[in-house]
Q: 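Let me begin by handing over the structure; questions about it come next.
Just so it is clear: chains get the letters A, B, ... in the order the sequence lines come, proteins before strands, and each one is counted from 1.
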Amino acid sequence: MRTDFQQILATLLAHIIGKPHQLKLAMTCLLAEGHLLIEDLPGMGKTTLSHALARVFNLSYSRIQFTSDLLPADILGVNVFDQQKHNFRFHSGPIFNELILADEINRASPKTQSALLEAMEESQVSLDGETHQLPSPFFVIATQNPSYQSGTYPLPESQLDRFLMRISLGYPSYEAEKQMLTQSSMKPQLQLADTISPVDLIDYQRQALAVNCADSIIHYILRLVNKSREQSAYPQPLSPRASKALLRASKAWAFLHDRDYVLPEDVQAVFAAVAEHRLKGVQLEWGEESALSQQLLDSVDPLAA
Amino acid sequence: MMMENIPVKGYLPTILIALFYGVIALSMGSNVHFWVLLLCGCVLFVRLSLYFGHNKHTPKKRTVNLLAVLSAIALLTTSGDLGLLPIMINLLILACSLKLMLIAYRRDFYQLIICATFLVACGFILYQSLFRSVFYALALIFLFYILLSAHAPYARAKIRQKRLAILLIQALPVAVLLFVFLPRLPPLWKMPEGKQTETGLSETMTPGDIAKLTKSDKLAFTATFDQRPPAPQNRYWRAFSLESFDGKTWTVSDTRHFARRQLQQINRVFTPRTQGVAIDYEIILEPTQKQWLVGLDTATPSDSSYSQNLWQGWDYQLSTRKPVFSRYAYALTSYPNTIRNQGIGSLDSQVNLQVPEQGNEETVDWVAALRQQHPNNQGFAKALMAYFKHNDFEYTLTPPPMTTDPVDSFLFTYKAGFCAHYASAMAYAFRLAGIPARIVSGYQGGTALNDNTLSIYQYDAHAWVEAWIDENGWQQFDPTTMVAPSRVNGGFEHAARYSGELIGEHPFNGLSHQGIFAYFSALGAKMDYMWSRWFLGFNEERQTDIFKHILGKLSPLRIALLGSSIILLIIGLLTLYFMPRRQRAPLAEHQRNYLTAVQLIEKFTGIRREDKSARRYFATVKGTLPDPVRRRFLTITEYFEHQEYDAPDPKVVIKTTLAQLKTALKNTKPILGDPPSP
C-alpha cells in the first residue's frame with residue numbers, strides 16, 4: 001500500500017475500529033470516482049465514516065438527512081428573486097459540496113432520490129434552464145437502512161446500479177467494540193499532516209485510471225460477467241456498466257496498493273462490493289451478504305486463458 | 001465443498017420439501033403410521049413458523065435427538081404387524097422429518113432431496129397402478145423443481161420452469177434407452193416383503209371366510225386371450241388346492257408343501273399329457289405375496305423361457321419360484337379337454353383321502369347309506385350333486401354361523417351357504433366314500449374388458465371340488481351350480497344382486513353400473529390394463545424379444561455388447577452436453593512455464609490450485625514448502641504475474657529457475673500427512 005494512503009487508513013482506523021477492508025473499499029471508491037452506498041442498521045458508524053473521509057481528504061462536506069417530506073429543491077437549491085437587483089439569484093443547495101452524505105436515502109420519496117442520482121450521474125444540476133456545475137471531486141456516500149424496515153422506499157435496481165459499490169459495515173468484533181468503548185471519551189483529532197488536498201486527490205484519481213490492465217484481466221472480468229448472464233442462478237445478470245465499474249474499481253484498488261498493474265486479486269477484492277447489489281437487486285437478505293458474488297467468484301478460474 | 005449455510009427465515013425450498021414429505025407420506029396410506037404423519041405435520045408447522053420468522057432458531061439439537069430416541073422406541077413398539085419394507089419407509093420418513101427441523105447447511109438439503117427420491121421409488125414398489133405412477137412421476141418432477149429453486153433461489157419461476165422442462169426433455173430419451181435396452185440384472189439383494197395384506201385368496205378356508213373376500217372389488221388379475229375367451233361357465237381359474245381337512249377348516253396340505261419344495265430343489269417338473277383344443281392367453285397377476293399362479297385347467301407354460309420361472313406341480317398347480325410381490329405377467333396355454341388321469345401317486349391318495357377321526361357323525365352315517373345305494377363312483381358323484389339340487393339348499397353370502405360339526409349343520413340343519421360350504425361338504429362326502437377328493441380354490445368368471453380381455457376381481461373368488469373318478473382321473477364338480485346356476489353363468493355380482501345382498505352395502509355400488517360412471521370405470525380399467533401390459537409387464541422376456549428383433553441370434557456376448565454400447569451412447573450424449581464449448585487459446589510461454597511449476601508443486605504438496613489465482617495459490621502452499629523450493633516458486637509466481645498482468649517482457653527467461661525448482665523438489669522428500677486446509 002502506498003505510504004500516504006497507509007497513513008490515511010491508520011487515521012481512519014482510529015475512528016472506525018476494526019473495519020480495514022471496508023475503509024479500503026471506501027477509499028477505492030473515492031479513487032475510482034464512483035459513489036458509495038452503505039447499507040446498514042442505524043448506529044453502525046456510517047456517519048462517522050463519511051465524516052472522517054471528508055476530513056482526511058480535506059473535502060467540503062455536507063450531510064443531507066433524507067426524510068419523506070424532503071423535496072428536490074431542498075437538495076439542489078432554488079432560484080430566489082432579489083428585490084434589489086430585480087433578478088433571480090441561484091441559491092445553491094447542500095449538494096454543492098465535494099463530499100455529500102445522503103443519510104437514509106431510502107426514506108425520501110422516489111422523486112427526491114432521482115434528483116440526487118441524476119446529479120450524481122451528470123455532475124451538474126440543471127434548474128430553470130440554467131446549468132450549474134458541481135464541484136470536483138464530487139463524492140456521494142448514501143446510506144440506506146435494510147429495505148425491509150417500514151416507511152422506506154428502497155432504491156430500485158436501476159438506481160442501485162448508479163453506485164459503484166455497496167458495502168455494509170456490520171457489527172464490530174468483540175475486541176473492536178471493547179476498544180471503542182474504552183476510548184470513546186477522547187476522540188483523537190485528525191491531524192492535518194494526515195490529509196490529502198483535493199487537488200492531490202484529483203491527481204490520484206487520474207493516476208488510478210492509468211493503471212495498466214492486461215488482456216488476461218479483461219478476459220477474467222468478461223468471464224465473470226458472462227457467467228452471471230449464462231446461469232439462471234443469477235436473477236439479474238451483470239450489465240456492461242457493471243463490468244466497467246468492476247474494471248475501474250480494480251484499477252483503483254491496485255493503485256491503492258501501489259501497483260501499476262491489476263492482478264486477479266484486485267478484481268476479487270472489490271468484486272463483492274461492486275457486484276453483489278447489482279446481482280441481487282432489492283431482494284436483500286440481511287446477514288447473508290456476498291453469497292451470490294462469492295458463488296460467482298468461486299466458479300471462475302482467474303487463470304484460464 | 002464449503003459448508004454453505006441455508007438461511008432459516010424466508011427460504012422457500014425448505015417449506016416445499018417439508019410439504020413434499022408430508023404429501024408422500026400421506027400417499028402411502030396405511031403403510032405409514034398415523035403418528036408419523038402427525039410428525040410430518042409438526043415439521044411442516046415448524047418450518048412455516050421459521051419461514052415467517054415467528055421463531056428465529058431451529059429447534060435445539062438436543063430436543064431433536066430426544067425426539068429421535070422417542071420415535072425410534074415408538075416405531076419399534078407399534079410396527080409389529082408391518083412388513084420390513086413399510087417399517088423401513090417409516091424409519092426413513094421419520095429420520096428425514098427430524099432432519100428437516102434441523103436443516104442448516106446446503107449439504108443437509110441435498111441429503112433430503114436424495115432421500116425423497118428414494119421414498120418416491122418406495123412408492124413405486126408399493127403401488128403400481130397407472131394413477132399412482134402418474135402421481136409419483138409428478139411428485140418426482142416437483143422434487144426436481146424444489147432442487148432447482150434451491151439452486152437458483154432468485155431466479156424467476158418462469159426461468160425455473162423452463163429449465164426444468166429442458167432438463168426433463170433431455171432426460172427422457174436416456175430413460176427410455178435405459179428402460180428398453182439395458183439388460184435387466186438380477187437384484188443384488190432381496191427386497192424385503194411388503195405388508196402381508198390378505199389381498200388375495202386365503203390359504204385356509206373355514207366356510208365363512210370367503211364371504212369377507214367377496215366384498216372386495218380389487219382387481220385380482222387380467223387375462224388376455226388370443227381368440228375369444230371361453231364361455232363364462234367354463235372359466236374356472238385354478239389357484240391352488242386345499243387338501244387337508246380337520247372337520248372345520250381346509251388348509252394347504254403340509255405334505256404337499258414339503259413335497260413341492262423338495263421336488264423344486266432337485267428340479268423335477270411335472271409335465272401333463274395334454275389333449276384337444278389349446279387356448280393361448282396371457283395373465284397379469286396383481287401382487288399376492290404368494291407363489292401360486294392362476295390358470296384355466298389344464299394350464300402349461302406357453303413359452304419355454306417361462307418354464308425357468310414357473311413350476312408345474314403334480315396336483316396340476318402352477319407356481320412361481322419366487323413369491324409374487326409386484327404385478328407379474330406370464331403366458332399360458334390351456335387344454336380344457338385334457339383328461340387328468342396321469343396316475344394317482346401314493347401321496348395323492350393318502351392326502352386326498354384323509355378325514356378327521358371324529359365329528360360330523362350325521363354326515364358319516366348319511367354318506368355310508370348313500371354309498372351303499374351307489375357303489376359306482378360316477379353314480380355316487382351324481383347322487384351327491386342331485387342331493388344339493390333337490391333338497392331346498394339356498395345360496396347366501398350371509399349364512400348363519402356353524403361352529404360345531406359345520407358339515408352336519410350345513411347339510412341337514414341350515415341348508416344355506418356359499419361356495420365354500422358346498423365345496424367343503426361335497427369334498428368331505430367324497431372322502432368319506434373312499435374317493436380321493438380335494439377343494440380347489442380360485443376364481444370363477446370375469447368381466448369382459450374388451451373382446452379378448454377379462455378382468456377378474458377378488459369378488460370372483462370361488463371354491464369347487466375335484467375328485468378322482470376311476471379312469472377319468474381328476475374330475476371337476478361345482479356343487480354351487482346346482483343351487484345358484486347364476487353364480488357361474490352370470491358371475492358373482494349377478495348372483496349376489498339376484499339374491500339382493502350386494503345392493504345397499506355401499507351407496508355407490510349401484511352407480512358404477514350406470515351410464516357415464518360405467519363408461520369411466522371401464523375406461524380407467526382399460527388404461528390401467530394397458531399400463532400393466534406394456535409398462536409393468538416389460539420384463540426380461542419382452543426385452544429379449546426386442547433384442548432378438550435387433551440382434552438376430554442371442555448370445556451373452558451380443559447382449560453384453562448391446563448393453564455396453566447403450567451405456568457408451570448415453571455417456572457420449574452426456575459428454576457432448578457437458579463438453580466445454582470454448583476452445584482454449586494456445587498458451588504463451590510464461591503461462592506454460594508457470595503451469596508446469598504449478599503441476600510440480602501440486603504433486604509435491606497435494607494441494608490443488610483449483611480456481612485460485614497465482615498469488616493466492618502461493619500464499620496457500622507457501623507454509624508447506626521447504627525454503628529453497630519456496631524461494632524459486634515465489635520467483636516463478638512473480639515472474640508470471642509480471643508477464644501476465646504487467647508489461648510482458650520477452651527478455652526475461654525463467655527456464656533456469658524452473659530447472660532449479662525441479663532439482664530442489666527432487667532433493668526434498670515429500671511431506672507426509674494431511675495438507676493443511678487452505
Side-chain angles (χ1 to χ4, degrees), chain A residues 148 157 211-220 222-224 226-228 230-237 250-251 254 257 259-269 271 276 278-292 294-305, chain B residues 1-2 4-11 53 56 106 148-164 166-167 580-588 590-592 594-595 598 608-619 637-638 640-648:
Chain A
Y148 63 75
E157 282 91 349
V211 163
N212 178 33
C213 181
D215 267 3
S216 45
I217 293 294
I218 304 279
H219 283 305
Y220 181 39
L222 285 175
R223 277 201 303 277
L224 283 169
N226 277 325
K227 191 96 177 181
S228 80
E230 282 165 9
Q231 295 199 339
S232 60
Y234 307 103
Q236 282 147 22
S250 309
K251 281 181 172 182
H257 290 80
R259 223 179 316 105
D260 58 356
Y261 56 92
V262 182
L263 284 181
E265 279 78 15
D266 302 323
V267 182
Q268 289 168 355
F271 189 71
E276 187 66 24
R278 298 169 209 260
L279 282 172
K280 205 178 275 177
V282 285
Q283 306 173 11
L284 177 82
E285 280 299 326
W286 194 241
E288 52 142 5
E289 57 207 277
S290 309
L292 280 182
Q294 193 58 46
Q295 260 180 44
L296 194 53
L297 271 186
D298 286 344
S299 61
V300 176
D301 186 351
L303 293 199
Chain B
M1 274 296 284
M2 49 191 254
E4 221 179 313
N5 280 315
I6 281 184
V8 168
K9 195 188 150 185
Y11 191 63
K56 289 262 181 294
R106 196 163 281 273
L148 209 63
S149 35
H151 254 289
Y154 302 105
R156 260 171 260 108
K158 210 169 206 173
I159 295 182
R160 275 185 230 156
Q161 283 156 13
K162 200 176 138 198
R163 245 295 146 81
L164 185 64
I166 291 173
L167 285 175
R581 258 152 281 174
R582 65 185 131 89
Q583 289 189 330
R584 281 167 182 271
L587 293 178
H590 66 275
Q591 290 168 332
R592 237 185 4 251
Y594 175 69
L595 289 179
V598 166
R608 299 192 56 79
R609 186 183 69 83
E610 284 163 346
D611 282 351
K612 295 187 194 75
S613 61
R615 184 168 287 208
R616 184 153 302 163
Y617 183 61
F618 177 73
T637 305
E638 279 171 348
F640 170 75
E641 277 193 342
H642 276 281
Q643 294 285 323
E644 178 84 3
Y645 304 117
D646 198 4

Q: Taking all non-hydrogen atoms of both residues into account, name the closest pair between Tyr261(A) and Glu641(B) and its distance.
A: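 Looking at all heavy atoms of both residues, the closest pair is CE1-O, 4.4 Å.
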Q: Closest approach of Gln268(A) and Ser613(B), non-hydrogen atoms and distance?
A: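 Smallest heavy-atom distance, with atoms named: OE1-OG, 4.2 Å.
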Q: Under 4.5 Å from any heavy atom of chain A, what part of Arg163(B) do you find: side chain, backbone, both or neither?
A: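 For Arg163(B), the contact with chain A is made by the side chain alone.
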Q: Hey, are the side chains of Asp646(B) and Arg259(A) touching, using non-hydrogen atoms and a 4.5 Å cut-off?
A: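 A side-chain contact under 4.5 Å is absent here.
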Q: Evaluate the side-chain contact (heavy atoms from CB on, under 4.5 Å) criterion for residues Leu303(A) and Arg609(B): first the C-alpha distance (whole Å), next the side-chain angles of each, then the deciding distance (0.1 Å), finally the verdict.
A: CA-CA 10 Å; Leu303(A) 293 199; Arg609(B) 186 183 69 83; 3.3 Å; yes
Q: Do Cys213(A) and Tyr645(B) come within less than 4.5 Å of each other through their side chains, counting heavy atoms only?
A: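 Contact flag for Cys213(A)/Tyr645(B) side chains = no.
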Q: Is a donor on one side and an acceptor on the other found under 3.5 Å between the side chain of Glu265(A) and the backbone of Arg616(B)?
A: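 Flag set: sc Glu265(A) to bb Arg616(B) pair under 3.5 Å.
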Q: If you count heavy-atom pairs within less than 4.5 Å of chain B, which of Asp260(A), Ile217(A), Val262(A), Leu263(A) leads?
A: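 It is Leu263(A).
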Q: Select one option (side chain, backbone, both, neither) describing which atoms of Val211(A) are under 4.5 Å from chain B's heavy atoms.
A: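 Contact with chain B is absent: no heavy atom of Val211(A) under 4.5 Å.
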Q: Kindly say whether Glu644(B) contributes a backbone atom to a donor-acceptor pair with the side chain of Ser216(A) at under 3.5 angstrom?
A: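 Looks like yes, one N/O pair under 3.5 Å.
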